[in-house]
Asker: 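Shown below is the structure under consideration.
Computed from heavy atoms alone, side chains included, the values below leave out hydrogens, waters and symmetry copies. In what follows, every chain begins at residue 1, and chains take the letters A, B, ... in the order their sequences are listed.
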Protein chains: 2
Amino acid sequence: MSASQIDAVALDGVGPLYDQIRRAIRDLILNGVWPPGTAVPPEHALMERLGASRMTVHRALVQLAREGLITRRRRSGTIVASPPASHAMLDILSIPEEVRGLGHAYALTVLQRRDGRAQRPVVSLFELGRAVDVVHLSVLHWADGVPHVLEERVIHLATVPAAAQEDFSTIPPGDWLLQNSLWSQAEHAISAVAATAEQAELLAIAEGDPCLLVERRTWNQGEPVTAVRLLYPGGRHRFVGRFGPYGKV
Amino acid sequence: MSASQIDAVALDGVGPLYDQIRRAIRDLILNGVWPPGTAVPPEHALMERLGASRMTVHRALVQLAREGLITRRRRSGTIVASPPASHAMLDILSIPEEVRGLGHAYALTVLQRRDGRAQRPVVSLFELGRAVDVVHLSVLHWADGVPHVLEERVIHLATVPAAAQEDFSTIPPGDWLLQNSLWSQAEHAISAVAATAEQAELLAIAEGDPCLLVERRTWNQGEPVTAVRLLYPGGRHRFVGRFGPYGKV
DNA sequence: AGCGTTTAATTGCATATGCAATTAGAGAGG
DNA sequence: CCTCTCTAATTGCATATGCAATTAAACGCT
């Protein structure tokens with residue numbers, strides 16, 4: 001933990017002290033100032049830096065740990081946690097993991113790739129005012145030789161320039177992005193659509209068959225990162241989640 | 001708070017004291033022993049009852065408040081919170097609220113009702129070994145005179161006997177159940193299906209059109225409460241949610 | 001170098017204390 | 001009866017203290 005890192009913790013004077021500390025550290029993590037794996041200063045260091053008692057600092061850190069943002073171990077200290085790769089039904093998830101979790105062998109095919117200026121539909125997708133450079137991919141994911149899901153993806157090169165050098169022949173774009181980009185906000189939408197003739201052929205279903213369409217857009221600090229449409233054959237897939245009255249179980 | 005209520009708080013000796021207290025009270029709430037609105041004993045009373053310091057009791061209660069299970073107010077005390085009626089995308093939700101939230105007028109039609117022994121498909125739906133008494137309903141929900149969603153529902157009479165006396169002509173079964181039943185666990189599944197001829201006619205779409213099918217099963221303490229299938233015309237509906245890397249935003 | 005032992009850094013937990021903020025309800029006064 | 005004031009019950013917050021548990025790293029021994 002360098003001096004610059006601990007100096008980044010700044011209180012805003014609003015609300016209870018423990019909550020100021022909690023929010024200060026939370027914001028450093030959420031804004032990527034302290035990326036996953038970063039060592040959080042030990043309690044007594046924060047104590048001195050912030051002029052608070054150890055118990056107050058402790059309270060803030062315990063709460064952050066409960067929220068999953070940090071991991072704490074006695075003696076080793078506190079580090080920024082890695083965001084869980086996949087949550088429940090609708091969070092960011094890895095398609096290879098999803099397929100392997102079902103007990104199938106995973107494979108992928110890059111059907112098409114176009115780099116360059118985004119076309120009009122992509123511009124409106126991200127609600128941009130102008131055309132920008134993107135990578136535009138179509139990928140088919142297979143489970144035991146059966147088409148599993150058809151992915152159409154756009155990656156915003158201004159925020160993820162490294163995407164231009166990656167060919168995505170072994171790692172799908174979703175997984176690659178989890179390792180090579182940061183995101184702070186995402187939006188999902190689920191709907192049901194009929195497969196077009198082209199889609200139906202790729203997914204080995206009939207034209208017009210119902211499909212589950214998952215659309216996801218991701219931003220980092222307000223800048224677009226990626227957008228994806230995942231088309232699942234309706235007959236083969238369902239998303240399941242379990243809940244209790246007060247939230248996820 | 002009667003003596004019997006405070007005596008219900010029992011520690012199990014496992015793990016930290018504050019967490020024993022937290023779990024003891026949480027379980028009383030989740031098991032319906034302390035229904036929503038019940039006064040939780042004040043910190044002093046729990047202190048004496050449990051032989052813990054006030055700060056330790058406080059810590060447990062603050063955490064429960066953060067989890068949304070209780071509501072605390074100075075001087076007034078602590079009461080068991082009402083479970084939120086609807087969460088995000090996939091939690092239990094009220095269809096009238098959903099429709100009105102979109103700015104439409106809500107109406108419902110009970111298409112069919114059958115009370116009595118559950119048919120075989122219902123038995124397997126709940127994974128029961130035998131036929132049981134149920135209410136079986138088909139309800140169509142309207143938004144501004146346009147079919148919004150088709151609901152098929154089964155209510156388990158052994159756990160919700162009052163359902164036999166309710167005609168569901170003004171309040172939809174989902175909303176009625178939120179007020180007249182307890183549930184401790186639910187399972188959702190989302191898939192895409194093609195509308196059958198009958199469904200298509202009711203929803204004013206074409207046969208074979210893609211629909212979003214939401215299936216939900218609900219239990220209380222392991223006993224089935226209700227199961228429902230909600231069929232949304234695919235072209236008209238999408239479920240949207242927003243997330244950050246560490247969870248819902 | 002390799003291996004066991006000790007040390008000490010760090011978090012986890014519980015208690016005690018004191019004061020502040022909120023406000024339901026009691027009491028005073030009309 | 002009504003209204004205002006005051007009291008006190010209850011939670012909220014912060015600090016100080018002490019000890020326990022974990023374990024990385026230093027140390028010492030062969």
Side-chain angles (χ1 to χ4, degrees), chain A residues 1-3 5-6 9-26 29 34 37-81, chain B residues 1-3 5-6 9-26 29 34 37-81:
Chain A
M1 173 58 50
S2 75
Q5 277 173 313
I6 191 169
V9 184
L11 306 185
D12 59 12
V14 177
L17 185 52
Y18 78 87
D19 207 55
Q20 294 180 46
I21 299 172
R22 185 185 68 86
R23 283 183 286 107
I25 295 176
R26 183 201 61 188
I29 295 172
W34 289 358
T38 306
V40 176
E43 294 179 355
H44 59 75
L46 289 167
M47 231 175 110
E48 283 187 17
R49 161 95 175 94
L50 303 171
S53 75
R54 197 196 135 209
M55 284 308 290
T56 300
V57 170
H58 183 72
R59 187 171 173 180
L61 292 174
V62 164
Q63 212 166 92
L64 286 168
R66 279 190 55 78
E67 292 167 14
L69 272 76
I70 58 178
T71 303
R72 319 194 74 205
R73 275 175 67 208
R74 281 163 172 161
R75 166 64 194 176
S76 309
T78 302
I79 61 170
V80 177
Chain B
M1 174 58 51
S2 75
Q5 276 172 314
I6 192 168
V9 184
L11 305 185
D12 59 12
V14 178
L17 185 51
Y18 78 87
D19 207 55
Q20 294 181 45
I21 299 172
R22 197 197 108 238
R23 282 183 287 106
I25 295 177
R26 183 201 61 187
I29 295 172
W34 289 358
T38 306
V40 175
E43 294 179 354
H44 284 103
L46 288 167
M47 234 177 107
E48 282 189 16
R49 161 94 176 97
L50 303 171
S53 76
R54 197 194 135 209
M55 284 308 291
T56 301
V57 171
H58 184 73
R59 187 171 174 179
L61 293 174
V62 163
Q63 213 166 90
L64 287 169
R66 277 188 53 77
E67 292 168 13
L69 272 77
I70 59 179
T71 302
R72 317 195 74 208
R73 277 176 64 209
R74 283 167 170 155
R75 166 65 190 172
S76 311
T78 302
I79 60 170
V80 177

Asker: So, for Gly68(A) and Ala81(A), which heavy atoms are closest and what is the spacing to 0.1 Å?
Answerer: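 For Gly68(A) and Ala81(A), the tightest heavy-atom pair comes out as O-CB, 3.4 Å.
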Asker: Of all the heavy-atom pairs spanning Ala39(A) and Ile79(A), show the shortest one and how long it is.
Answerer: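 Looks like CA-CG2, 4.1 Å.
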Asker: Taking only nitrogen or oxygen atoms into account, show me every contact under 3.5 Å that the protein makes with nucleotides 8-15 of chain C, one pair per line with its distance.
Answerer:
{"from": "dA9(C)", "atom 1": "O4'", "to": "Arg75(A)", "atom 2": "NH1", "distance (Å)": "2.5"}
{"from": "dT10(C)", "atom 1": "OP2", "to": "His44(A)", "atom 2": "NE2", "distance (Å)": "2.7"}
{"from": "dT10(C)", "atom 1": "O2", "to": "Arg75(A)", "atom 2": "N", "distance (Å)": "3.1"}
{"from": "dT11(C)", "atom 1": "OP1", "to": "Thr78(A)", "atom 2": "OG1", "distance (Å)": "3.2"}
{"from": "dT11(C)", "atom 1": "OP2", "to": "Glu43(A)", "atom 2": "N", "distance (Å)": "2.9"}
{"from": "dT11(C)", "atom 1": "O2", "to": "Arg74(A)", "atom 2": "NE", "distance (Å)": "3.3"}
{"from": "dG12(C)", "atom 1": "OP2", "to": "Arg72(A)", "atom 2": "NH1", "distance (Å)": "2.5"}
{"from": "dG12(C)", "atom 1": "O4'", "to": "Arg74(A)", "atom 2": "NE", "distance (Å)": "3.1"}
{"from": "dG12(C)", "atom 1": "O4'", "to": "Arg74(A)", "atom 2": "NH2", "distance (Å)": "2.7"}
{"from": "dG12(C)", "atom 1": "N7", "to": "Arg54(A)", "atom 2": "NH2", "distance (Å)": "2.7"}
{"from": "dG12(C)", "atom 1": "O6", "to": "Arg54(A)", "atom 2": "NH1", "distance (Å)": "3.1"}
{"from": "dC13(C)", "atom 1": "OP2", "to": "Tyr18(B)", "atom 2": "OH", "distance (Å)": "3.4"}
{"from": "dA14(C)", "atom 1": "OP1", "to": "Leu17(B)", "atom 2": "N", "distance (Å)": "2.3"}
{"from": "dA14(C)", "atom 1": "OP2", "to": "Leu17(B)", "atom 2": "N", "distance (Å)": "3.3"}
{"from": "dA14(C)", "atom 1": "OP2", "to": "Tyr18(B)", "atom 2": "N", "distance (Å)": "3.3"}
{"from": "dT15(C)", "atom 1": "OP2", "to": "Ser53(B)", "atom 2": "N", "distance (Å)": "3.0"}
{"from": "dT15(C)", "atom 1": "OP2", "to": "Ser53(B)", "atom 2": "OG", "distance (Å)": "3.1"}
{"from": "dT15(C)", "atom 1": "OP2", "to": "Thr56(B)", "atom 2": "OG1", "distance (Å)": "2.7"}

Asker: If I compare all heavy atoms of Tyr18(A) with all of Ala60(A), which pair ends up nearest, and what's the gap?
Answerer: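 Tyr18(A) and Ala60(A) have their closest heavy atoms at O-CB, 3.3 Å.
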Asker: Identify the two heavy atoms, one from Ile6(B) and one from Arg49(B), that lie closest to each other, and give their separation to 0.1 Å.
Answerer: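 Of all heavy-atom pairs spanning Ile6(B) and Arg49(B), the closest is O-NE, 3.1 Å.
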Asker: Would you call Glu67(A) and Arg22(A) a salt bridge, using N to O less than 4.0 angstrom?
Answerer: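 Salt bridge between Glu67(A) and Arg22(A), a charged N being under 4.0 Å from a carboxylate O: yes.
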